[in-house]
Amino acid sequence: MNGTLFERDAPNYSASTFPPPRPFQDAAHQALRDGLKAGHRRQMLMAPTGGGKTYLALRIAHEALVKGRRALFIADRRTLIDQTSATADRYGLSAHGVLMSQHWRNDPSMPFQIASAQTLARRAWPRFDVLIIDEAHTQLSVWVDYIASEACTAAVIGLSATPFSPGLGKLFTNLVNAATMHELTESGVLVPMRVMSCTKVNMEGAATSGGEWTDGAAGERGMEIVGDVVTEWQKYAENRKTIVFGSTIAHCTELCKQFNESGVLAQLFTSETTDDERKQILAEY
């Protein structure tokens, strides 16, 4: 060995199998290729929830990996990291490591890494050629500072369903809109939306940040109509599996409490929910 580290053979990514892309996914992928050729090193990919942003991201990573390059996917929540890792496995991209504290899949030698933004903030960045950033509208300082620096020579792809937060235009020079919600609904990818008229929250004078209400303000005002949420659910969605979103953990806790007190079985799922509890709740759901 002569004091050198043994390096395993590079993984073979050519055997990966992806479902055939939908026409809009194929077009979006080509638009990103064209954008890169036109000199856009930092591009934003916009698609509604259900548009297959993770699918496209993994196809982009795969395209780089089969050429012998390295790819890094960043997310900021454990659930998203584990979901992305599981999806990568499903597509045959099992040769990847997860950069996150005490994660069982930690393997820095892999050319494909799925990383926690919080972990990257405390460690040296790995070497990579393609950087994919999930939920890029959040503009976490760890990656904002990095992609704006001379240290970043990679092609950068931001993913978001809502790329509207101020400052994104200074970070990304090209926007690729894969599809609209209307187009996805018309093509059968999404079911048509049914909007019920329910009690509105009074947000007059509520605190804002970056042009949007703060989570704290939304949670505080939302507390005022928790009872109405339960009543409206009983009116329109009783006996249906339902996911209810709250603004803050306190807001979610109160929603869950009042559903249970009304005789409706509900469970709380937040950033404070343990891994074992998450698995149990999702399995029961």
> Could you go step by step and tell me if His96 and Gln113 meet the side chain to side chain contact (heavy atoms under 4.5 Å, CB included) rule?
Replying inline: CA-CA 5 Å; His96 69 265; Gln113 297 289 328; over 6 Å; no
> Which other residues end up in the same hydrophobic cluster as Leu282, if Ile, Leu, Val, Met, Phe, Trp and Tyr are linked when side-chain heavy atoms come under 4.5 Å apart?
Replying inline: Phe269, Ile281
>> Arg59: which residues meet the salt bridge (Lys or Arg N to Asp or Glu O under 4.0 Å) condition with it, sequence neighbours left out?
In response: none
>> Can you give me the closest heavy-atom contact between Arg105 and Ser85, atom names plus distance?
In response: NH1-OG, 3.3 Å
> When you look at Glu238 and Trp233, which way does the side chain to side chain contact (heavy atoms under 4.5 Å, CB included) test go after all the steps?
Replying inline: CA-CA 6 Å; Glu238 192 168 16; Trp233 181 87; 4.0 Å; yes
> Would a 4.5 Å heavy-atom cut-off, applied to side chains only, mark Arg278 and Thr79 as touching?
Replying inline: yes
> Got Val156 and Phe172 here, is their nearest side-chain heavy-atom distance under 4.5 Å?
Replying inline: yes
> If you round to the nearest 0.5 Å, how far is CD1 of Ile133 from CZ of Arg42?
Replying inline: 9.5 Å
>> Are the side chains of Leu58 and Thr87 in contact, using a 4.5 Å heavy-atom criterion?
In response: yes
> Between atom OG of Ser16 and atom CG of Leu93, what is the distance when rounded to the nearest 0.5 Å?
Replying inline: 4.0 Å
> Nearest heavy-atom pair of Ile74 and Ala117: which atoms, and what distance?
Replying inline: CG2-CB, 3.8 Å
>> With a 6.0 Å cut-off on the ring centroids, do His62 and Tyr13 count as close?
In response: no
>> Going by side chain to side chain donor-acceptor pair (under 3.5 Å), name the residues that satisfy it together with Thr49, two or more places apart in sequence or in a different chain.
In response: none
>> Measuring from atom OG1 of Thr253 to atom CD of Gln258, what distance do you get when rounded to the nearest 0.5 angstrom?
In response: 12.0 Å
>> When you compare the side chain of Ser116 with that of Ser101, does any pair of heavy atoms fall below 4.5 Å?
In response: no
>> Does either side chain, that of Ser160 or that of Glu135, offer a donor lying less than 3.5 Å from an acceptor on the other one?
In response: no
>> Once rounded to the nearest 0.5 Å, what's the spacing between atom CG of Leu56 and atom CG of Leu159?
In response: 8.5 Å
> Looking only at heavy atoms, which two atoms of Ala136 and Gly158 are closest? And how far apart?
Replying inline: CB-CA, 3.8 Å
> Can you tell if the side chain of Leu171 reaches within under 4.5 Å of the side chain of Gln139, non-hydrogen atoms only?
Replying inline: yes
>> According to salt bridge (Lys or Arg N to Asp or Glu O under 4.0 Å), who are the partners of Glu261, at least two apart in sequence or on a separate chain?
In response: Lys257
>> Hydrophobic clusters here meaning ILVMFWY residues chained together by side-chain heavy-atom distances under 4.5 Å, can you tell me if Val244 and Leu268 are in one?
In response: no
Name every donor-acceptor pair, under 3.5 Å, that has one atom in a side chain of residues 20-30 and the other anywhere in the protein, sequence neighbours excluded.
residue	atom	partner	partner atom	Å
Gln25	OE1	Arg22	N	2.9
Gln25	NE2	Gly51	O	3.3
His29	NE2	Glu63	OE1	3.3
Gln30	OE1	Arg33	NH1	2.9
Gln30	NE2	Asp34	OD1	2.9

> What's in the same ILVMFWY side-chain cluster as Ile243, cut-off under 4.5 Å, chained through other members?
Replying inline: Phe245, Tyr285
> If you draw a 6.0 Å radius around CZ in Arg123, do more than 12 non-hydrogen atoms from other residues or ligands fall strictly inside?
Replying inline: yes
>> Within the 4.5 Å heavy-atom criterion, are Met46 and Leu175 side-chain neighbours or not?
In response: yes
>> Show the nearest heavy-atom pair for residues Lys53 and Leu45, with the distance to one decimal.
In response: CD-O, 4.5 Å
>> Given 3.5 Å as the limit, does a donor-acceptor pair link the side chain of Glu277 with the main chain of Thr274, or not?
In response: yes
> Are Leu80 and Ile60 linked, directly or through other ILVMFWY residues, by side chains that come within less than 4.5 angstrom of each other?
Replying inline: no
> Which heavy-atom pair separates Gln43 from Leu32 by the least distance, and what is that distance?
Replying inline: NE2-O, 2.9 Å
>> Test of understanding: with side chain to side chain contact (heavy atoms under 4.5 Å, CB included), list the residues that count as partners of Thr185, not counting sequence neighbours.
In response: Leu190, Pro192
> Which ILVMFWY residues are connected to Ile249, directly or by a chain of links, through side-chain heavy atoms under 4.5 Å apart?
Replying inline: none
>> Checking Thr173 against His40: is there a side-chain donor and acceptor pair closer than 3.5 Å?
In response: yes
>> Is there a side chain to side chain contact (heavy atoms under 4.5 Å, CB included) between Met44 and Val176? Walk through the geometry before answering.
In response: CA-CA 6 Å; Met44 175 69 73; Val176 173; over 6 Å; no
> Could you give all pairs that pass the salt bridge (charged side-chain N to carboxylate O under 4.0 Å, His left out) test and reach residues 75-85, with sequence neighbours left out?
Replying inline: Arg78-Asp275
> Is there a donor-acceptor contact under 3.5 Å linking the side chains of Thr270 and Glu272?
Replying inline: no
>> To the closest 0.5 Å, what do you measure between CD1 (Ile81) and CG (Asp134)?
In response: 9.5 Å
Compile the donor-acceptor pairs under 3.5 Å between side chains in residues 142-155 and protein atoms, sequence neighbours left out, one pair per line.
residue	atom	partner	partner atom	Å
Ser149	OG	Tyr146	O	2.6
Ser149	OG	Ala151	N	3.4

> Looking at CZ of Phe112 and CG of Asp107, how far apart are the two atoms once the value is rounded to the nearest 0.5 Å?
Replying inline: 13.0 Å
> Just by distance, do the side chain of Arg70 and the backbone of Arg127 share a donor-acceptor pair under 3.5 Å?
Replying inline: yes
> What is the ring orientation for Tyr55 with Tyr91, classed by angle as parallel under 30°, tilted 30 to 60°, or perpendicular over 60°?
Replying inline: perpendicular
>> Going by the rule salt bridge (Lys or Arg N to Asp or Glu O under 4.0 Å), which residues pair with Lys235 if we only count those two or more places apart in sequence or in a different chain?
In response: Glu232
> Partners of Asp276 by salt bridge (Lys or Arg N to Asp or Glu O under 4.0 Å), sequence neighbours excluded?
Replying inline: none
> Is there a side chain to side chain contact (heavy atoms under 4.5 Å, CB included) between Leu72 and Trp125 once you walk through the steps?
Replying inline: CA-CA 10 Å; Leu72 176 66; Trp125 283 65; 3.9 Å; yes
> Which atom names give the shortest non-hydrogen contact between Pro126 and Leu99, and what distance separates them?
Replying inline: CG-CD1, 3.8 Å
